[in-house]
Every structure is written in C-alpha cells, then in structure tokens.
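The basis for the numbers below is simple: all heavy atoms, side chains too, and nothing from hydrogens, waters or symmetry mates.
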Amino acid sequence: MKAKEVRELSGAELEGKLLDLKKDLFNLRLQHATNQLDNPVRIAEVKKDIARVKTIIREQQLAGR
C-alpha cells in the first residue's frame with residue numbers, strides 16, 4: 001500500500017483500514033508462532049502499513065479535518 005493511496009481515504013475509512021491491518025498483524029503473528037507462516041516478510045510489511053495509516057490519521061488531525 002502506498003502513502004498516496006492512503007491519503008485518498010476518508011477518516012472513517014482510515015480507521016477501518018487500521019483495524020483490518022491490526023487484525024492481519026495478529027493473525028500473522030499467530031501463524032508465525034505456530035510455524036504456519038509462509039512469508040515472514042509480510043509481518044514487516046503490515047507493520048509499515050499500520051505506521052503509514054497512523055501517520056496519515058495524525059496529519060489529518062493536525063490539519064483539522
């Protein structure tokens with residue numbers, strides 16, 4: 001997910017996306033703990049996506065949206 005794509009989402013969509021990403025991260029960590037995870041790099045990708053979404057949410061809060 002690119003930052004440009006995230007910036008196009010509304011505040012409610014961003015909150016929903018953040019919730020989905022957190023659920024994905026939980027599931028990936030669970031799979032990793034049970035040795036069922038095929039691609040461990042995916043955990044880092046999801047973490048970065050969460051950081052992107054949080055950053056955009058904060059930028060919108062500071063801009064007063």
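- Remark: E8 engages K4 in a side chain to side chain contact (heavy atoms under 4.5 Å, CB included) (not counting sequence neighbours).
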Steps toward side-chain contact (heavy atoms from CB on, under 4.5 Å) verdict (H32, L28): CA-CA 6 Å; H32 185 64; L28 288 170; over 6 Å; no

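- The line from NZ of K48 to OG1 of T55 is 13.0 Å long, rounded to the nearest 0.5 Å.
- Between P40 and L37, the shortest heavy-atom distance links the atoms CA-CD2, 3.6 Å.
- Here E59 contributes atom CD and I57 contributes atom CD1; the two are 10.5 Å apart, rounded to the nearest 0.5 Å.
- The line from CG of L9 to CZ of R7 is 11.5 Å long, rounded to the nearest 0.5 Å.
- Rounded to the nearest 0.5 Å, atoms CG (D49) and NZ (K2) are 10.5 Å apart.
- With sequence neighbours excluded, the residues forming a salt bridge (charged side-chain N to carboxylate O under 4.0 Å, His left out) with R42 are E45, listed by chain and number.
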Table please: side-chain donor-acceptor pairs of residues 10-27 below 3.5 Å, with sequence neighbours left out.
| from | atom 1 | to | atom 2 | distance (Å) |
| --- | --- | --- | --- | --- |
| S10 | OG | E13 | N | 3.4 |
| S10 | OG | E13 | OE1 | 3.4 |
| E13 | OE1 | S10 | N | 2.9 |
| N27 | ND2 | K23 | O | 3.3 |

